[in-house]
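These values consider heavy atoms only, across backbone and side chains, with no hydrogens, waters or symmetry-generated copies. Counting begins at 1 with the first residue of the sequence.
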Amino acid sequence: QVQLVESGGGLVQAGGSLRLSCVASGRTFSAVAMGWFRQAPGKEREGVAAINWSGRSTRYADSVQGRFTISRDNAKNTVYLQMNSLKPEDTGVYYCGRDSQMYRAIATIVRGDFDSWGQGTQVTVSS
């Protein structure tokens with residue numbers, strides 16, 4: 001059973017930064033893509049960023065391109081999301097997800113490709 005544990009959320013003013021972390025259990029972490037998703041109240045969970053198994057390929061939602069950076073450390077079974085220039089519309093619960101298929105190339109961020117989720121970490125950006 002894969003477990004994902006997110007941390008690093010909090011309250012920040014607009015223009016500020018946060019760094020989220022997600023630690024995964026299991027021995028196949030280095031073989032799967034990882035993603036960050038977020039869900040605002042009353043809205044669907046949306047893909048924010050994804051990174052392939054090696055870390056050499058990343059994808060971002062248009063709304064965060066240029067402000068967020070996803071990275072991973074396979075030796076630590078950890079994926080990160082550096083969020084800069086935060087906006088109030090970035091507010092939501094952020095979840096990390098684990099791809100259900102090993103060595104999949106990521107062309108776009110598809111929620112259905114991810115089948116394991118953490119408990120989420122709240123990010124609140126005040127104006």
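Cluster annotation: Val5 is not connected to Val2 through the hydrophobic network of ILVMFWY side chains, with a link wherever side-chain heavy atoms come within less than 4.5 Å. Following chains of ILVMFWY side-chain contacts shorter than 4.5 Å, one can reach Ile51 starting from Leu18, so the two form part of one hydrophobic cluster. Cluster membership for Ile70 and Val64, using ILVMFWY side-chain heavy atoms within less than 4.5 angstrom, is shared. Clustering ILVMFWY residues whenever any of their side-chain heavy atoms sit less than 4.5 angstrom apart, transitively, puts Leu86 in the very cluster that holds Tyr60.
Within the model, atoms CG of Leu4 and OG of Ser116 stand 6.0 Å from one another, a figure rounded to the nearest 0.5 Å. For the atom pair CD (Gln119) and CD (Gln3), the distance works out to 10.0 Å, reported to the nearest 0.5 Å. In this structure, CG on Asn52 lies 10.0 Å from CG on Asp99, to the nearest 0.5 angstrom. Between the OG atom of Ser127 and the CD atom of Gln13 there is a distance of 9.5 Å, given to the nearest 0.5 Å. The SG atom of Cys96 sits 11.0 Å away from atom CZ of Arg98, with the distance rounded to the nearest 0.5 Å. For the atom pair CG (Asn77) and CE (Met34), the distance works out to 9.0 Å, reported to the nearest 0.5 Å.
No hydrogens or angles considered: a donor-acceptor pair under 3.5 Å links the side chains of Gln122 and Thr124.
Closest approach of Ala33 to Arg72, counting heavy atoms only: CA-NH1, 3.9 Å. The two residues Gly47 and Ile109 make their nearest non-hydrogen contact at CA-CG2, 3.8 Å. The two residues Ser21 and Trp36 make their nearest non-hydrogen contact at O-CH2, 3.6 Å.
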Walk me through whether Val79 and Ser71 qualify under side chain to side chain contact (heavy atoms under 4.5 Å, CB included). CA-CA 6 Å; Val79 61; Ser71 61; over 6 Å; no

Please lay out, stage by stage, how Thr91 and Glu89 fare under the test side chain to side chain donor-acceptor pair (under 3.5 Å). CA-CA 5 Å; Thr91 294; Glu89 51 263 44; over 6 Å; no

Verdict with supporting geometry, Lys43 and Arg38, side chain to side chain contact (heavy atoms under 4.5 Å, CB included): CA-CA 9 Å; Lys43 293 189 176 182; Arg38 67 186 179 191; over 6 Å; no

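At a threshold of 4.5 Å between non-hydrogen side-chain atoms, the residues Gln39 and Tyr95 count as touching. Residues Ser17 and Met83 fail the side-chain proximity criterion, which asks for heavy atoms closer than 4.5 Å. Contact of the Tyr80 side chain with the Arg19 side chain is registered, since non-hydrogen atoms from C-beta on lie closer than 4.5 Å. For the pair Phe68 and Val48, the minimum side-chain heavy-atom distance is below 4.5 Å. Under the 4.5 Å side-chain criterion, counting only non-hydrogen atoms from C-beta, Thr121 is not in contact with Val93. Residues Arg67 and Asp90 are in side-chain contact: their nearest non-hydrogen atoms beyond the backbone lie under 4.5 Å apart. The closest side-chain heavy-atom distance from Val123 to Leu20 is below 4.5 Å. Residues Thr69 and Leu81 fail the side-chain proximity criterion, which asks for heavy atoms closer than 4.5 Å.
At least one donor-acceptor pair closer than 3.5 Å links the side chain of Thr78 to the backbone N or O of Lys76. A donor-acceptor pair is defined here as one N or O able to donate and one able to accept, closer than 3.5 Å; no such pair exists between the side chain of Thr108 and the backbone of Val110.
A cation-pi arrangement is not found for Arg45 relative to Tyr94, the charged atom failing to lie both closer than 6.0 Å to the ring centre and inside a 45° cone about the ring normal.
Remark: Arg104 engages Asp113 in a salt bridge, criterion side-chain N to carboxylate O under 4.0 Å.
Here Trp53 and Phe29 keep their ring centres 6.0 angstrom or further from each other.
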